[in-house]
There are 2 protein chains.
Amino acid sequence: MRLTLLGTGNAGQVPVYNCFCAACERARAKPQYRRGPCSALLEFGTQRWLVDAGLTDLAERFPPGSLSGIIQTHYHADHAQGLLHLRWGLDMSLPVLGPPDPDGLADLYKYPGILDFSRKLEAFVPAQLDGCVVTPVPLAHSKITYGYVFEAEGQRYAYLTDTVGLPPDTQAFLARQPLDLLVLDCSFAPTTTAPRNHNDLSRALDTIHALNVKQAVLTHISHGLDVWLMDEANTLPDGVVVGHDGAVFGNPVLAGMASA
Amino acid sequence: MRLTLLGTGNAGQVPVYNCFCAACERARAKPQYRRGPCSALLEFGTQRWLVDAGLTDLAERFPPGSLSGIIQTHYHADHAQGLLHLRWGLDMSLPVLGPPDPDGLADLYKYPGILDFSRKLEAFVPAQLDGCVVTPVPLAHSKITYGYVFEAEGQRYAYLTDTVGLPPDTQAFLARQPLDLLVLDCSFAPTTTAPRNHNDLSRALDTIHALNVKQAVLTHISHGLDVWLMDEANTLPDGVVVGHDGAVFGNPVLAGMASA
Ligand SMILES: [Mn+2]
Ligand SMILES: [Mn+2]
Ligand SMILES: [Mn+2]
Ligand SMILES: [Mn+2]
Ligand SMILES: [Zn+2]
Ligand SMILES: [Zn+2]
């Protein structure tokens, strides 16, 4: 099983429009420091699942047949906006799994086009993805949001964004199982007052330390956290790394990818 | 006054995802045949206004300070999606004018960020844009939609999309004034049954012939109309042209553009 971070930014991304902080200027000068909308590609066997569809160039990135489907954490625009265009494809059907959000994003449910929203996931109920078991876990966010535990090829990954802390049931559920990889919302530099809807670094580290995690990766990162990390990245504990767009975690993919 | 078509496609754009018709294949092979989300740039004096924000790369295309503001025809995703990211800019305010749609798109009104939606336009009431008079005219579409008459530098342009035909009041209002340029919704090849929400070519030509138009430009074009035009473009009447992305109409801009 392999997870590639396609985007690691928060809603504003990096660089932020009209921001000239050190992180935003660095990202303009050096594209490897840019952070796109928070999303990932999960590969196992011959399956390739997109985790969140906030990228707006999905039709170019993923030619027909190259994706098995899409798993949504939630339907905020920075995680679902790419669906608004992709849906207008023809002569195919792409499953979009996610939480039972009655609203979705804009008119996506009303005009789903090629997107098939019919398969609903249920919190804490394992679902089969042809070679991977995915278990949704509720997160603490301003819109109904699921994190996911993915189990395939002897590995267990958790992908948890957007969230501030974890709901007690989710925390207890995750504490019971060792994780090879935890990708976690860490939007802000350490703050004394609790942020809303997203972790700052202090709360992200609290969550990491409360679980049994081999490798933790921070994502959904703001320009403000990037500025802080310029001086303080060396203070991160062992086993905690900052995600960046294009970073790959896990095993090499064994089988060839599905072809169009 | 100068109008540049930034996008001339319908909601699905050209090429359509997973479509292999002659028009979609041509657009993949030759980028000049691609059609992005329907939008335009209007320039007069030192002002530069974006007409519809369906492009998702607005932050890259329009550095801070390069736009005077945005004029929305309506809030369907293919016309407004680019606002979902642009709003998260910092330390500036960008006016977004448009119809009094109570819903907008997704959570744009709830979290407007740098976008200022406070100035509402009223049908048939001329508004001043520092060197241009813009008059909204209601269109016939599935969501509240305005077309616009722009008057500046001795020229009068009308930009009318999305619409099927015209409401009688709008038709009467427009028939009273000669137009140097008419940009008009023409989504489909000629059909016998009336299409919903958008013009086919027959209805677009009916509208053009009912008005006093020097030059008509078709926009919001589907791959299906492009296929039809491959054989039939030479049957278009004099004074009617098919828009394409990047096409420029009107006078050269006299003053320098606003700089960042
Ligand atoms: Mn987010
Ligand atoms: Mn969110
Ligand atoms: Mn449209
Ligand atoms: Mn529309
Ligand atoms: Zn910044
Ligand atoms: Zn096609």
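Just so it is clear, the values below take in all heavy atoms, side chains as well, and ignore hydrogens, waters and symmetry mates. In this text, all values refer to a predicted model and were calculated from it rather than measured experimentally. Here is the naming used below: chain letters follow the sequence lines, and residue numbers restart at 1 for every chain.
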Quiz prompt | Residue pair B:H85, A:T56: steps toward the side chain to side chain contact (heavy atoms under 4.5 Å, CB included) verdict | solution = CA-CA 10 Å; B:H85 169 63; A:T56 57; over 6 Å; no

Self-check item: Which portion of A:R28 sits near chain B, non-hydrogen atoms under 4.5 angstrom
Solution: neither

Quiz item: chain B: which of A:D57, A:D107, A:N18, A:D103 shares the most heavy-atom pairs with it under 4.5 Å?
Solution: A:N18

Quiz item: Which of the residues B:A77, B:A106, B:C19, B:A11 is involved in the greatest number of heavy-atom pairs with chain A at under 4.5 angstrom?
Solution: B:A11

Quiz item: If you round to the nearest 0.5 Å, how far is CG of A:L105 from CG of B:L84?
Solution: 7.0 Å

Quiz item: Which region of A:I114, side chain (C-beta onward) or backbone (N, CA, C, O), has a non-hydrogen atom less than 4.5 Å from a non-hydrogen atom of chain B, or is it both or neither?
Solution: side chain

Practice problem: Mind running side chain to side chain contact (heavy atoms under 4.5 Å, CB included) on B:H223 and A:L90 for me, showing each step along the way? | Solution: CA-CA 12 Å; B:H223 64 148; A:L90 285 182; 3.6 Å; yes

Self-check item: chain B contacts, top residue of A:D91, A:D78, A:L86 (heavy-atom pairs, under 4.5 Å)
Solution: A:L86

Practice problem: Hey, could you give me the CE/OH distance between A:M92 and B:Y17, rounded to the nearest 0.5 Å? | Solution: 4.5 Å

Practice problem: Name all residues meeting the ring-ring contact (aromatic ring centres under 6.0 Å, His included) criterion together with A:H79; count only those two or more places apart in sequence or in a different chain, and write none if there are none. | Solution: A:H74, A:H220

